[in-house]
Every structure is written in C-alpha cells, then in structure tokens.
**Student:** 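If you scroll down you'll find the structure; I have some questions about it.
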Amino acid sequence: MNKEVSALVRPIKDAKSILLTGHVSPDGDNLGSMLALKLMVEQLGKKVTIVIDDSIPDCFSFLAGIDEIKEYEADLTVDVDLTIVVDSSNLERIARVEELIKEEPIINIDHHSDNNSFGDYNLVADVAATVELIYALQEKMEEVELTFEIATALATGLITDTGSFRYSNTSSMTHQIMAELLNYGVDPSLIAKEVLETNSYQNLILRGKVLQNLQVDTTGKIAWLKVSQEMLEEIGADLEDTTGLVNYPRTLKGAEVGILFKEIEQEEIRVGLRSNNYLQVNQVAHLFDGGGHPRAAGCTINLKLDEAEEQLINAVKEQLAKDKSKPSEGRD
Ligand SMILES: [Mn+2]
C-alpha cells in the first residue's frame with residue numbers, strides 16, 4: 001500500500017485546482033475524507049472545490065469546511081486540473097458529478113473491495129475506512145501538518161464506518177490512528193453525540209411509523225423497511241430524517257439481511273442493504289449498478305417503489321441461496 005500512497009503525492013503537488021467528490025448519501029467517512037483532504041491540500045496552496053450530487057445531513061455541521069461543499073446543479077462549471085474521488089467503488093456512485101469530469105487525471109481513494117480501479121491513480125486498500133488512507137497520505141506529505149480540524153474529520157470517518165469500533169472491519173491500525181488523532185485534541189464524545197446520538201423530532205416519529213411496517217419474508221432471514229414520499233409528507237419529514245433507519249431491520253433476531261427502500265422520486269428508489277454473517281449484499285447491489293461492501297451496500301432502482309421492492313427481494317433470495325452454502329466471511 002505504501003507505494004500506492006506515495007504515487008499520489010506528485011499529481012497532487014502538480015495540480016493547481018482540484019475537484020473533490022464522493023458518493024451519494026454522504027456518510028461520515030465520505031465527508032470526513034473529503035474535508036480532511038481539502039484542508040490538507042489547501043496547506044499546499046491548492047484551490048479545492050467539493051461537489052456532491054446530494055444534500056449534506058445536518059449532523060455533520062460541526063466539521064470544518066462543511067458549508068463550502070457544493071451540491072451538484074446542472075449549470076455548475078468547475079475549472080480543475082485534477083479530480084479526486086473518495087469512498088466510491090465506481091463512478092456511478094458519484095452520480096451526476098461525473099459530468100463535471102473532463103480530461104483531467106482522476107485519483108481514486110477507496111476501501112471497498114469491489115472498487116473497479118476507475119482512476120488514473122488508484123489507492124484502494126482493505127482498511128476499515130477511507131479516512132485511514134487519507135491519514136496515510138498525510139504522513140507521506142511532509143509539508144502538510146495534521147491539525148485539530150483535519151484530525152476531527154478523520155476521526156469522524158473512523159467512528160462512523162466502524163460503528164464506533166464495533167464492526168469486524170476494525171483493526172489494530174484503526175485504533176492506532178484514532179489514538180494519534182486524540183493527541184490533536186479530537187473529542188470523540190462530541191462526534192458521537194452530534195452524529196450518532198442526536199435525532200430530529202421528525203426522525204424519531206418517522207422511525208416509529210416505518211418500524212411499524214417492518215416486513216419479513218417467510219424464512220425470517222430477510223427483513224425490510226420502506227419510506228415513501230407520502231409518509232414523509234404526512235409527518236413533515238424529509239429524506240435526511242431517514243438517517244440510521246437502514247441499521248434496524250438486520251437487528252431482527254434470526255435475520256441475515258436488512259434492507260431499507262427510500263422513495264426519492266416516483267421512479268427513483270434508493271436501496272440500502274446490510275447483512276450480518278454471510279450474505280454478500282454488494283453482489284445484489286451490483287445487479288442494479290450499485291456497489292459497496294459484502295456486509296453494507298447500496299444501489300438505486302429506477303422503478304416504482306413496489307416494483308423495486310419485488311425485484312430487489314427476489315435478487316436477495318437468489319443470493320441467499322448462493323451464499324448459504326459458503327463458509328461465513330467477516331464484515332468488510
Ligand atoms: Mn467508507
């Protein structure tokens with residue numbers, strides 16, 4: 001991995017103006033990676049524009065530089081000589097931001113095992129969070145100093161992608177990096193409070209309503225939840241209030257896989273998949289042009305909610321039949 005990290009230093013130093021982006025449904029690792037990297041390369045005098053084809057959840061508003069992230073718009077133009085994509089297995093994950101990429105080289109920094117190496121430079125490694133790779137890059141860039149703001153962004157990625165160091169992707173390296181970040185004054189209790197332990201009123205009410213409609217297949221192995229636009233309107237909630245819902249169905253005793261369907265628009269259904277022990281949910285996501293990890297993946301299906309539900313659940317049943325014969329694998 002050392003060589004791949006070092007290989008990024010030259011193109012970053014040679015660039016003047018950098019486009020930074022990451023996947024839709026931005027999470028703490030995606031945002032933490034982008035913001036840490038932005039603050040790092042700004043120390044080198046680079047101009048940085050962050051664009052995402054989605055809105056930013058409020059819970060991340062404590063991160064330095066978060067207000068400067070632009071949401072994709074059709075008339076947006078950027079003049080850059082390097083693009084860096086973080087935390088994304090393929091270019092489809094950045095949605096319409098792909099339209100902003102012209103001839104400039106692309107750096108791909110990611111930790112998803114199904115990453116298709118779409119970059120001209122690829123730093124893809126099996127680590128708990130993409131921020132671990134950004135941390136490694138910082139260590140290689142002698143002129144760049146770790147600051148409280150950068151450390152906080154990196155720690156946010158570690159905490160969120162490891163489920164507060166509970167998931168099996170957590171390594172001794174993850175803890176070593178966290179220990180180093182604490183030396184820069186990072187406050188993990190504040191990060192946990194902001195990101196994991198604060199809910200909007202609408203989020204709690206929506207959670208109650210959505211959980212009441214929990215669906216389970218006849219085997220009890222597949223559990224899923226649905227959020228329709230009608231439900232959101234009824235309680236005055238928006239898509240941001242769905243944060244965290246994806247984690248509930250797989251906690252059902254006996255379930256192997258938990259799924260959340262979110263109706264973004266009438267024929268645009270965003271699907272989050274989580275599994276417990278052996279089902280490779282990224283294989284299911286791939287069938288619908290999505291991606292992710294064996295235990296956490298996502299995709300978007302351009303069908304009506306009930307049609308998307310039927311197709312996706314059928315695909316999960318087929319994958320369950322394939323995977324149950326294999327020895328179990330750890331969470332990625
Ligand atoms: Mn990640």
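Predicted model only: the values in this text are computed from it and were never measured. Along the sequence shown, residues are numbered consecutively beginning with 1. Order of listing sets the numbers, starting from 1, for every ligand and every atom in it.
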**Student:** Answer yes or no for His111: is there an N/O/S atom below the 2.8 Å cut-off from the Mn ion (ligand 1)?
**Tutor:**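 Of the N, O and S atoms in His111, at least one lies under 2.8 Å from the Mn ion (ligand 1), which means yes.
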**Student:** Look at Asp217 together with Lys221 and state whether they make a salt bridge at an N to O cut-off of under 4.0 Å.
**Tutor:**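 The answer is no: the pair does not qualify as a salt bridge.
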**Student:** Check whether the side chains of Asp114 and His286 place a donor and an acceptor atom closer than 3.5 Å, and report yes or no.
**Tutor:**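 Judged by distance alone, the side chains do pair up.
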**Student:** If the threshold is 4.0 Å, N to carboxylate O, is there a salt bridge linking Lys209 and Glu234?
**Tutor:**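 Salt bridge between Lys209 and Glu234, a charged N being under 4.0 Å from a carboxylate O: yes.
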**Student:** Of all N, O or S atoms in Asp161, identify the one at the shortest distance from the Mn ion (ligand 1).
**Tutor:**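 So the atom name we want here is OD2.
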**Student:** Answer yes or no as to whether an N/O/S atom of Asp110 is found below 2.8 Å from the Mn ion (ligand 1).
**Tutor:**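 No N, O or S atom of Asp110 is closer than 2.8 Å to the Mn ion (ligand 1), so no.
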**Student:** Using a strict cut-off of less than 4.0 Å between a Lys/Arg side-chain nitrogen and an Asp/Glu carboxylate oxygen, indicate whether Asp53 and Arg96 qualify as a salt bridge.
**Tutor:**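 Yes, this pair counts.
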**Student:** At the Mn ion (ligand 1), what angle lies between atom OD2 of Asp29 and atom OD1 of Asp87, rounded to 10 degrees?
**Tutor:**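 So the angle at the metal works out to 90°.
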